[in-house]
Protein chains: 2
Amino acid sequence: MAFVDILGYSAGAITSLTFLPQVIKTWKEKSAKDISLLMFLIAAINEVMWIWYGALLDNWVIILTNAIVLSMSLIMIWLKYRYK
Amino acid sequence: MAFVDILGYSAGAITSLTFLPQVIKTWKEKSAKDISLLMFLIAAINEVMWIWYGALLDNWVIILTNAIVLSMSLIMIWLKYRYK
């Protein structure tokens with residue numbers, strides 16, 4: 001595999017886990033006052049667009065990566081409502 | 001332009017602005033206690049990887065989109081240190 005491909009797959013894997021530290025922190029501390037609900041609403045809508053894009057291109061890397069980020073965004077929206 | 005391309009460019013434009021509502025909220029409220037520093041550190045490193053990836057592919061859409069997200073991540077890291 002070429003270096004550029006390894007870099008792309010590595011970057012994609014890290015992207016899919018970007019929201020995880022925020023989910024864990026909010027889950028543990030039960031406080032989401034400082035969290036922007038709008039940011040995670042935009043992220044969720046945006047990931048639906050990316051999943052649709054991936055589906056049209058039949059690209060499972062795009063679909064799966066964004067499905068993970070979408071699930072974390074939805075958890076953050078739920079945590080924001082619970083601990084606002 | 002095909003629908004799939006319009007969808008991809010639209011999704012990319014929204015992705016580049018995802019962190020903006022969080023930057024504005026933290027800037028205005030001067031409170032970042034609930035924000036995960038680790039999330040924005042991971043995001044910043046990840047965006048450097050994406051910019052590198054875009055540079056290797058000579059793809060300016062990838063470079064510019066991620067440069068915007070990188071700058072917002074760095075602002076969030078600074079806001080987190082200032083208002084932790």
Side-chain angles (χ1 to χ4, degrees), chain A residues 2-59 62 65-66 69-70 72-73 76 79-80 83-84, chain B residues 2-59 62 65-66 69-70 72-73 76 79-80 83-84:
Chain A
F3 173 73
V4 65
D5 295 322
I6 295 169
L7 182 63
Y9 282 117
S10 307
I14 294 172
T15 296
S16 69
L17 297 175
T18 302
F19 289 173
L20 186 60
Q22 185 65 65
V23 169
I24 292 171
K25 180 182 169 72
T26 309
W27 181 276
K28 276 189 184 167
E29 299 182 2
K30 301 186 193 315
S31 174
K33 180 182 68 67
D34 299 334
I35 301 295
S36 167
L37 175 63
L38 185 58
M39 169 181 150
F40 287 99
L41 285 174
I42 290 173
I45 293 165
N46 192 219
E47 281 126 32
V48 171
M49 292 172 75
W50 280 123
I51 291 167
W52 189 7
Y53 179 77
L56 289 177
L57 295 181
D58 214 14
N59 183 320
I62 295 176
T65 304
N66 287 284
V69 187
L70 174 60
M72 293 203 199
S73 300
M76 280 309 302
L79 288 171
K80 175 69 183 175
Y83 302 128
K84 63 188 161 194
Chain B
F3 173 73
V4 64
D5 294 323
I6 295 170
L7 182 63
Y9 283 117
S10 306
I14 294 172
T15 296
S16 69
L17 298 175
T18 303
F19 289 174
L20 187 60
Q22 184 64 66
V23 168
I24 292 171
K25 180 181 169 74
T26 309
W27 182 276
K28 276 190 183 166
E29 298 183 2
K30 301 187 193 312
S31 174
K33 181 182 65 69
D34 299 334
I35 302 295
S36 167
L37 176 63
L38 185 58
M39 171 182 148
F40 288 98
L41 285 174
I42 290 174
I45 292 165
N46 192 219
E47 281 127 32
V48 170
M49 291 172 75
W50 280 122
I51 291 168
W52 189 8
Y53 179 76
L56 289 177
L57 295 182
D58 214 13
N59 183 319
I62 295 177
T65 304
N66 286 283
V69 187
L70 175 60
M72 294 202 199
S73 300
M76 280 308 302
L79 288 170
K80 174 69 183 175
Y83 303 127
K84 62 188 160 193

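Chain letters run A, B, ... following the sequence lines, proteins first, then strands; residues in each count from 1.
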Identify which of A:Leu37, A:Val48, A:Val4, A:Leu57 forms the greatest number of heavy-atom pairs closer than 4.5 Å to chain B.
A:Val4
Taking all atoms of both residues into account, what is the closest heavy-atom pair of A:Asp34 and B:Ala32, and its distance?
OD2-C, 3.5 Å
Shortest non-hydrogen separation from B:Ala11 to A:Met49 and the atoms involved:
N-CE, 3.6 Å
Side chain, backbone, both or neither: which part of [X] has a heavy atom under 4.5 Å from chain B?
X	value
A:Phe3	side chain
A:Lys28	neither
A:Ala43	both
A:Lys33	both

Interatomic distance, [X] atom [atom1] to [Y] atom [atom2] [nearest 0.5 angstrom]:
X	Y	atom1	atom2	value
B:Ile14	A:Asn46	CD1	CG	5.5 Å
A:Thr18	B:Phe19	OG1	CZ	6.5 Å
A:Trp50	B:Leu7	CH2	CG	8.0 Å

Under a 4.5 Å cut-off applied to non-hydrogen side-chain atoms, are B:Ile42 and A:Leu17 in contact?
no
Between B:Ile62, B:Ile35, B:Asp5, the one whose heavy-atom pairs under 4.5 Å with chain A are most numerous:
B:Ile35
For the side chain of B:Gln22 and the backbone of A:Met39, is there at least one donor-acceptor N/O pair under 3.5 Å apart?
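The answer is no, because no donor-acceptor pair under 3.5 Å joins these two groups.
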